[in-house]
Amino acid sequence: MSKPTLETVQNVAILGATGTIGIQTLDVISQHPERFKVFALTANNNVKSMFSLCSEHSPRYAVMLQPQAAAELGAQLKAAQSSTIVLHGEQALIDVAAHAEVDTVMAAIVGAAGLHPAMAAAKAGKRILLANKETLVMAGSLFMRAVEESGATLLPIDSEHNAIFQVMPHQRAKSLAEAGIKRVLLTASGGPFRNATLDDMRSVTRAQALNHPNWVMGPKITIDSATMMNKGLEVIEAHWLFNAAANQIDVVVHPQSVIHSMVEYNDGSVLAQLGNPDMRTPIAYGLGFPDRLQSGVNSLDLIKIGRLDFCAPDFSRFPCLRLAYDALNAGGTAPAILNAANEIAVEAFLAERIGFMDIPLMIESVLTASVIEDVVSIEQLATVDAKARRAASLWLENHA
Ligand code: NDP
Ligand code: MG
């Protein structure tokens, strides 16, 4: 597998192209036509958005998960005399992620559905821009091993992990200790309910939970941010990316979302990466690495921002954060079970079937009733994931 060199045009596959990360990736790519060619775009079933992205970027392949959506897209593109080839199904997602002509894969499908294509990119030795944190939560050991064995380049896109990556030494140390690092500090905005009382939180609506103060994101991660499960998933993500133990990963609530995360070195130095809360910065960093590219993000105006605040996370109002630390400490399949139960809980909350504070209750109940195993294979994880989803659905039938 030839490595992409930055002198040549990189062929990019964007998995989850119609999502908020996908669209922002295309925005950055459009600013650098001399460096990037859009080779493949994928989505689930949003034909309208995919048609307009294909018209604008003329990828070689467009993949829809749903066959009906692919048929509609194919007909529309044919009528528009486009030469884009339309494929469908999970295997096609995997095939474009591992395609011999692809250099860079942006893994930005939401949820567990992103695991297999991201894994295929890792096994094929691609340069992987990883936004789909669920891949590491579910299958961190297998994914990191695949990256290692194939010689893939892994660049974290989640803003916190991208920040940590930026302030860490890049010659890969085997451990934080070897790199002279004491701990990593993940910043968290605290979401829309940072100052809400537990009573208020029991009755929050879908619309209130979807109203994130700082970031524009897809619905699933927006609800995860409101429960702080997002930060919990990020703790697990940091564990795998940086080989950090749970007690070396601290969460600091920082409402302005200007410091995207920090690393504390043994000598007491704390290095932070700052910027406006705009995902085009980490995306441009991943696309250009080791070069720095224009991203279209405005300059940070610290005088206008005026102050940066910090406080400790409240584990009693945000039990999802504690559940994620517990799952990380339990190890094995516990984080995959946590992730599956969370996906069902978030769907149920978005469908207005359960209340906001039922989300952690459901997850805890599924975790408590599950047997935790060592992670051995991706097939085993599929079974574990399905079983946890069934347990969560059962909980829902009994409680919703
Ligand atoms: P969105 O919901 O905005 O987009 C999700 C994308 O995935 C869409 O293209 C969607 O297609 C596609 N998709 C959904 N379900 C499936 C499926 N079953 N199979 C294949 N494709 C599917 O999500 P975001 O862009 O917000 O997030 C993407 C990932 O990036 C998540 O893992 C999230 O945690 C992570 N992330 C996002 C950040 C953000 O700022 N948004 C920040 C950090 C991480 P369709 O449109 O057809 O439904
Ligand atoms: Mg994040």
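Order of appearance sets the numbers: ligands from 1, and atoms from 1 within every ligand.
Residues Cys320 and Met228 have side chains not in contact (no heavy-atom distance under 4.5 Å, counting atoms from C-beta outward). For the pair Val9/Arg35, no side-chain contact is recorded, criterion being any heavy-atom separation below 4.5 Å from C-beta on. The shortest side-chain heavy-atom distance between Val12 and Val102 does not fall under the 4.5 Å cut-off. When side chains are defined from C-beta on, Val366 counts as touching Ser370, because their heavy atoms get closer than 4.5 Å.
Looking only at atom types and distance, the side chain of His116 has a donor-acceptor partner in the side chain of Glu90 under 3.5 Å away. In summary, the side chains of Thr333 and Glu373 do not present any donor paired with an acceptor at a separation below 3.5 Å, with no hydrogens or angles considered. Side-chain contact of Asn132 with Thr135: a donor-acceptor pair under 3.5 Å is present, judged by distance alone. In summary, the side chains of Thr197 and Asp200 do present a donor paired with an acceptor at a separation below 3.5 Å, with no hydrogens or angles considered.
Taking any N or O of Thr20, backbone or side chain, at least one lies under 3.5 Å from an N or O belonging to ligand 1. Of the polar atoms of Gln24, none of the N or O atoms is found under 3.5 Å from an N or O of ligand 1, judged by distance alone. For the pair Thr42 and ligand 1, the shortest N or O to N or O distance does not fall below 3.5 Å. Among the atoms of Asn46, some N or O lies under 3.5 angstrom from an N or O of ligand 1. Looking at Gly22 next to ligand 1, no N or O pair under 3.5 Å apart turns up.
Taking each of Leu130, Ile157, Ile21 in turn, the one with a heavy atom nearest to atom 37 (C) of ligand 1 proves to be Ile21. Taking only non-hydrogen atoms, the option from Val110, Val216, Ile283 nearest to atom 31 (C) of ligand 1 is Val110.
In terms of protein heavy atoms, atom 17 (C) of ligand 1 is closest to Ala113 CB, 3.5 Å. Looking only at protein heavy atoms, the nearest one to atom 28 (C) of ligand 1 is Ala108 O, 3.3 Å. Closest to atom 34 (O) of ligand 1 among all protein heavy atoms lies Lys133 CE, 3.3 Å. The shortest contact between atom 8 (C) of ligand 1 and any protein heavy atom is with Thr18 OG1, 3.4 Å. Nearest protein neighbour of atom 35 (C) of ligand 1, counting heavy atoms only, is Ala131 O, 3.1 Å. Here the protein heavy atom with the shortest distance to atom 16 (C) of ligand 1 is Asn44 CB, 3.7 Å. Of the protein's non-hydrogen atoms, the one nearest atom 19 (N) of ligand 1 is Leu65 CD2, 3.4 Å. The protein heavy-atom contact nearest to atom 29 (C) of ligand 1 is Ile109 O, 3.6 Å.
Put simply, the side chain of Asp309 never gets that close to the backbone of His254: no donor and acceptor are under 3.5 Å apart.
Proximity to Asn132 (heavy-atom distance under 4.0 Å) selects the following atoms of ligand 1: 32 (O). Atom numbering of ligand 1 starts at 1 in the shown order; those under 4.0 Å from a heavy atom of Ala17 are 9 (O). Interface of Ala43 with ligand 1, defined as ligand atoms under 4.0 Å from a residue heavy atom, comprises 11 (O), 47 (O).
In Met279, the part holding a heavy atom less than 4.0 Å from any atom of ligand 1 is the side chain. Contact annotation for Glu90 and ligand 1: no heavy atom of the residue comes within less than 4.0 Å of the ligand.
When you scan the N, O or S atoms of Glu160 for the one nearest the Mg ion (ligand 2), you land on OE1. Between the Mg ion (ligand 2) and the N, O or S atoms of Asp158, the shortest distance is to OD1. Closest approach between the Mg ion (ligand 2) and any N/O/S atom of Glu234 involves OE2.
Here the NZ atom belonging to Lys133 is positioned 15.0 Å from the CE atom belonging to Met138, to the nearest 0.5 angstrom. Here the CG-CG distance, from Asp250 to Leu186, works out to 8.5 Å after rounding to the nearest 0.5 Å.
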For a salt bridge (charged side-chain N to carboxylate O under 4.0 Å, His left out) check, start with the C-alpha distance between Arg127 and Asp103, then their side-chain angles and the critical distance, and finish with the verdict. CA-CA 6 Å; Arg127 179 178 169 104; Asp103 304 301; over 6 Å; no
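Residue-ligand proximity: Glu134 is placed with a non-hydrogen atom under 4.0 Å from ligand 1.
The shortest heavy-atom contact between Ser55 and Ser58 is O-OG, 4.2 Å.
Checked against a 6.0 Å centroid threshold, the rings of Phe193 and Phe356 count as neighbours.
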